[in-house]
Asks: 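Take this structure first; my questions come after.
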Amino acid sequence: LDSAGRTPNASSEVAEHAAASVQAASSVTAPHSGPGSSQTASRKENLCMDGRLAPQFYLIGAQKASTTSFAASLGQIPGIVKPTRGLGGGKEIHFFDRRTYSEARRSDLLGLFPPCSSHTRLVAWDCTPDYLRDAQTPQRVLRFYGNLAHRLQFAILLRSPIARMQSAWYMFKTKMRLKPFGKTFAEYAQHVVGGYRDFIFEGSRYQPQVQRWFNAFESSQFFVVPYRLAHSNSPAKGSRLTAVERLSQRLGVRRGAG
C-alpha cells in the first residue's frame, strides 16, 4: 500500500501470492493423529523438568500478527507464568532460535522459571514469534522435550500476508538496524514482484513454516487464531468465548481463578 492506503499497480501479483499463501497454510497436513484421552489429561498437568517448571505453552508467531497484545491479554490470567527475564517484559525468550543454541544449556531456559509445584495449575510460556519462521526451531523443541513433547501446546496467529509484510517493513525501517529495501513499501512491493526475496517476504510464506511444525508435532497441539480475532475482545461468531478465553480453557487455566 502507498502512503494513502492504495495498492500499487504491481502489487496485484504480490496479492496473488498472499492469497495462495493463506490458502496453502489452511491446507497443511500433519502426519500424526490426535492425542488420546490420557494425553489430553496430561497436557493440563504442570510440566516440570529438572525440578523446574518448564514452558508448556509456546506462542510461535507470526511476527507482526498481534502476538504482543494477544500475549498481554493471556498473561493477565492467573496460572500463566512468565520467565524472570526476556524481551517485551518476559514475552520472548529466544532460546531455541539463538545462534549459540545448545541442548547442553537447558538450564539457561529452565532457570528462568520457578521450582516445580503441583498444588496449583501453572503454565509457563515462551511467546517468541520468530519461532514460526525459524527452520531449526521445531526439531530443537522436539529434541529438548523428548518424551514430554506431546504435552506442549502451541498457538499461531495468522494475518493477511500482505498486511503482515507491510507492518514488518515499517517496523524494520523505523525501529531496527537491519533496514529493508526501498524508501517506501510500494517500492519494496515492486521489487518483490521483480523476484526480490528477503526475511520480510519469507515471513509471510506461512505454508512451509506451519508444515515444519506439523511435521514435528501433532496438529491437535496447535491453536490457530485469525488476526481479526487475535486482538478482539469479542467472541467469534457462534462462540461465547474470546480467543484468549478459549485458549486459557484449553490450557487448563481460567480467567478469574484464584
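If you read the sequence from its start, that first residue is 1, and numbering goes on from there. Side chains included, hydrogens not; waters and symmetry mates left out as well; all remaining heavy atoms used.
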Asks: Which atom pair, heavy atoms only, marks the closest approach of G90 to K82?
Replies: O-CB, 4.2 Å
Asks: Over 60° means perpendicular and under 30° means parallel, so tell me whether Y145 and Y58 are parallel, tilted or perpendicular.
Replies: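 Aromatic pair Y145/Y58 classed perpendicular.
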Asks: With rounding to the nearest 0.5 Å, note down the distance linking CD in Q209 to OG1 in T137.
Replies: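 Reported to 0.5 Å precision, the distance equals 11.0 Å.
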Asks: Can you run down the disulfide (SG to SG under 2.5 Å) pairs that involve residues 108-223, sequence neighbours left out, and say none if there aren't any?
Replies: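 Matches after skipping sequence neighbours: C48-C116.
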Asks: Tell me whether the NZ or CZ atom of R106 lies within the 45° cone about the ring axis of F144 and under 6.0 Å from its centre.
Replies: yes
Asks: Short question: side chain of N46, backbone of T120 - any donor-acceptor pair under 3.5 Å?
Replies: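 Between the backbone of T120 and the side chain of N46 there is a qualifying donor-acceptor contact (under 3.5 Å).
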Asks: Check this for me: R85, atom CZ, are more than 12 non-hydrogen atoms of other residues, nucleotides or ligands nearer than 6.0 Å?
Replies: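 Counting neighbours around CZ of R85, 12 or fewer heavy atoms of other residues, nucleotides or ligands fall under 6.0 Å, so no.
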Asks: Measuring from D108:CG to S102:OG, what's the distance to the nearest 0.5 Å?
Replies: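 Here the interatomic distance stands at 8.5 Å.
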Asks: Which of parallel (below 30°), tilted (30 to 60°) and perpendicular (above 60°) describes Y188 and Y196?
Replies: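 Perpendicular.
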Asks: How long is the straight-line distance from CD of E45 back to CZ of R121, given to the nearest 0.5 Å?
Replies: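 So the CZ of R121 and the CD of E45 are separated by 8.0 Å.
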Asks: So, taking the atom named CZ in F214 and the one named CD in Q207, what distance separates them when rounded to the nearest 0.5 Å?
Replies: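 So the gap between those two atoms works out to 11.0 Å.
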Asks: Run the numbers on Y131 and F154 for ring pair (Phe, Tyr, Trp, His ring centres under 6.0 Å), then give the verdict.
Replies: CA-CA 11 Å; Y131 286 166; F154 305 92; 9.5 Å; no
Asks: In this structure, are over 12 heavy atoms from other groups packed under 6.0 Å from K179 atom NZ?
Replies: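 Yes, NZ of K179 has more than 12 neighbouring heavy atoms, counting only those of other groups under 6.0 Å.
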Asks: Is a side-chain N or O of R52 found less than 3.5 angstrom from the main chain of G111, in a donor-acceptor match?
Replies: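 No; zero donor-acceptor contacts below 3.5 Å.
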Asks: Ignoring hydrogens and geometry, is there a side-chain-to-backbone donor-acceptor pair from R133 to E202 under 3.5 Å?
Replies: no
